[in-house]
Amino acid sequence: MASITTNSIKYFQKGLLTWFEINGRDFPWRKGKKTVYQLIIAEILLQRTKAETAAKYYPIFLKTYPNWKKLGYAKERELQEILKPLGLQVQRANRLFKLSREMKDRKGRFPTTRNEIEQLPIFGQYIANAYELLIQNKKSPLLDVNMSRLLERYFGKRNMSDIRYDPYLQELSYQVVNIDNPKSINWAILDYAQLVCKSRKPVCHNCSINTGCSYYKNNV
DNA sequence: AATACGGGGAA
DNA sequence: TTCCCAGTATT
């Protein structure tokens, strides 16, 4: 198992950022100036959904529902329909509908504290982190299945089954994204996990940081 | 801690 | 056909 030291984390970050400059992916929610609404919708579409699939339906969703006001007019059934190709449409539409109601009551203004944000419908730990990172510019991790896999392969496995309650992954993820440009390192990690450190057949021979990776040392 | 939700796309 | 996906809420 790779020891987790300041130096090993710096090496990990440097390797990923270098790779990211050349190989980083390009998604509609990453480029240009986005409204808070547009960023939140992207994160909702991305839940348990491949980024490419979400990217495909993102423009359609935004064209139909461009802002909180328009979303506020949508019926739950209509949201189900537009979310159908993404899957999880019944639950997702229900929660998004609740959020639209909540935002109507709040006149489009989000709360500012972490605790209040996490109380919003469809806002779990992941989206709350995304909100902090993308909108409040905090050094918060997009700790999803991708980042978890990469961190676990490189630094060692978690203890708990659920990412959100595993203290090891929680602390490690915050350490890893604690740099001046937290968006870059977050996106670098997600892209690397998707393209190189893949869930099924990780491309270890093309991995530029494999010498520090505990999975590589033990398996290849 | 386990489970339901889910269609699309790749292997 | 199977596996996996920028999770969340309920039990």
Side-chain angles (χ1 to χ4, degrees), chain A residues 16 20 23-31 34 36 38-61 76-77 79-102 114-135 138-153 158-170 173-174 176-177 182-203:
Chain A
L16 288 180
F20 183 64
N23 304 289
R25 294 180 295 176
D26 202 15
F27 291 117
W29 48 85
R30 284 187 184 179
K31 56 186 173 191
K34 293 285 176 266
V36 174
Q38 290 171 327
L39 291 171
I40 298 304
I41 292 300
E43 296 304 329
I44 291 170
L45 299 192
L46 283 163
Q47 291 180 341
R48 294 293 293 171
T49 307
K50 286 193 172 67
E52 284 75 10
T53 307
K56 182 175 173 186
Y57 295 99
Y58 187 56
I60 301 171
F61 190 98
E76 187 174 347
R77 173 69 58 81
L79 295 179
Q80 269 186 39
E81 214 43 47
I82 200 167
L83 289 171
K84 184 155 183 155
L86 297 165
L88 301 174
Q89 60 271 35
V90 175
Q91 284 192 357
R92 225 183 323 204
N94 178 262
R95 290 162 191 170
L96 180 55
F97 182 72
K98 284 183 181 150
L99 180 65
S100 76
R101 286 308 157 98
E102 177 73 23
R114 168 75 188 209
N115 209 300
E116 291 173 306
I117 289 168
E118 220 167 334
Q119 305 301 321
L120 292 170
I122 216 171
F123 270 65
Q125 186 187 79
Y126 171 83
I127 293 197
N129 283 4
Y131 187 88
E132 289 182 335
L133 176 76
L134 302 173
I135 291 146
K138 293 186 180 175
K139 295 169 180 174
S140 301
L142 298 175
L143 183 55
D144 69 335
V145 61
N146 289 299
M147 185 181 290
S148 301
R149 180 178 62 250
L150 178 49
L151 293 181
E152 289 185 81
R153 287 215 179 113
R158 77 182 98 161
N159 307 113
M160 319 269 285
S161 61
D162 193 321
I163 294 167
R164 293 168 297 175
Y165 305 120
D166 185 90
Y168 160 77
L169 266 186
Q170 289 294 325
S173 63
Y174 273 95
V176 162
V177 303
K183 283 186 207 175
S184 293
I185 189 67
N186 267 290
W187 289 340
I189 290 170
L190 297 190
D191 290 358
Y192 202 78
Q194 219 272 343
L195 299 172
V196 181
C197 197
K198 302 186 288 183
S199 60
R200 243 181 285 195
K201 280 173 53 190
V203 195

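Naming convention: chains lettered A, B, ... in sequence-line order (proteins, then strands); numbering from 1 in each chain.
For A/Ala51, the listed nucleotide lying nearest its side chain is C/dA6; candidates were C/dA6, B/dG8, C/dA9. Closest to the A/Ser199 side chain, of the nucleotides C/dT8, B/dG9, C/dC5, is C/dC5. Side-chain proximity of A/Gln194 to the nucleotides C/dC4, C/dA6, C/dC5 is greatest for C/dA6. In this structure, of B/dA1, C/dT8, C/dA6, it is C/dA6 that holds the atom nearest to the side chain of A/Leu190. The side chain of A/Leu88 has B/dG6 as its nearest neighbour among B/dA2, C/dA6, B/dG6.
Each of A/Lys98 and A/Arg149 was matched to the nucleotide of DNA chain C holding its nearest heavy atom; the match closer to the 5' end belongs to A/Arg149. When the nearest nucleotides of DNA chain C are assigned to A/Thr49 and A/Ile122 by heavy-atom distance, the more 5′-ward of the two goes with A/Thr49. Mapping A/Tyr57 and A/Asp162 onto DNA chain B by nearest heavy atom places A/Asp162 closer to the 5' end of the strand. Comparing A/Lys84 and A/Arg200, the nucleotide of DNA chain B nearest to each residue sits closer to the 5' end for A/Lys84.
The residue A/Leu45 sits apart from the nucleic acid: no heavy atom pair falls under 4.0 Å. Backbone-only contact: A/Met160 has heavy atoms under 4.0 Å from sugar-phosphate atoms and none from a base. Base contact: A/Gly87 has a heavy atom under 4.0 Å from a base atom.
The shortest distance between the side-chain N/O atoms of A/Gln89 and the OP1/OP2 oxygens of B/dC5 is not below 4.0 Å. Neither OP1 nor OP2 of B/dA4 sits under 4.0 Å from any side-chain N or O of A/Arg48. Side-chain nitrogen and oxygen atoms of A/Lys56 include at least one within less than 4.0 Å of the OP1 or OP2 phosphate oxygen of B/dG9.
Going from atom CD of A/Glu43 over to atom OH of A/Tyr126 covers 4.0 Å, rounded to the nearest 0.5 Å. One finds the CG atom of A/Leu39 at 11.5 Å from the CD1 atom of A/Ile127 (value rounded to the nearest 0.5 Å).
Atom C1' of nucleotide B/dC5 and atom CZ of A/Arg95 are separated by 8 Å, given to the nearest angstrom. Straight-line distance from the NZ atom of A/Lys50 to the C1' atom of C/dT2: 11 Å, rounded to whole Å. Regarding A/Asn146, its CG atom lies at a distance of 6 Å from the P atom of C/dC5, rounded to whole Å. Here C/dC5 presents its P atom at 13 Å from CG of A/Leu46, a figure rounded to the nearest Å. Distance A/Lys201 NZ to B/dA11 C1': 8 Å, rounded to the nearest Å. Atom CG in A/Leu96 sits about 14 Å away from atom P in C/dT8, given to the nearest Å. Whole-Å rounding puts the A/Gln80 CD to B/dC5 C1' distance at 12 Å. One interatomic measurement links the two molecules: CD of A/Gln125 to C1' of C/dG7, which rounds to 10 Å at whole-angstrom precision.
For A/Asn94 against A/Glu76, the heavy-atom pair with the smallest separation is ND2-OE2, 3.0 Å.
More than 12 heavy atoms of other residues, nucleotides or ligands shown are found within 6.0 angstrom of NZ on A/Lys34. By the neighbour-count criterion of 12 heavy atoms within 6.0 Å, atom CG of A/Asp162 is densely surrounded, having more than that number from other residues, nucleotides or ligands.
Atom name P, nucleotides B/dT3 and C/dA6: the rounded distance is 23 Å, in whole Å. Rounded to whole Å, the separation between the P atoms of B/dG8 and C/dT8 comes to 22 Å.
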Salt bridge (charged side-chain N to carboxylate O under 4.0 Å, His left out) between A/Glu52 and A/Arg25, intermediate numbers included: CA-CA 10 Å; A/Glu52 284 75 10; A/Arg25 294 180 295 176; 3.4 Å; yes
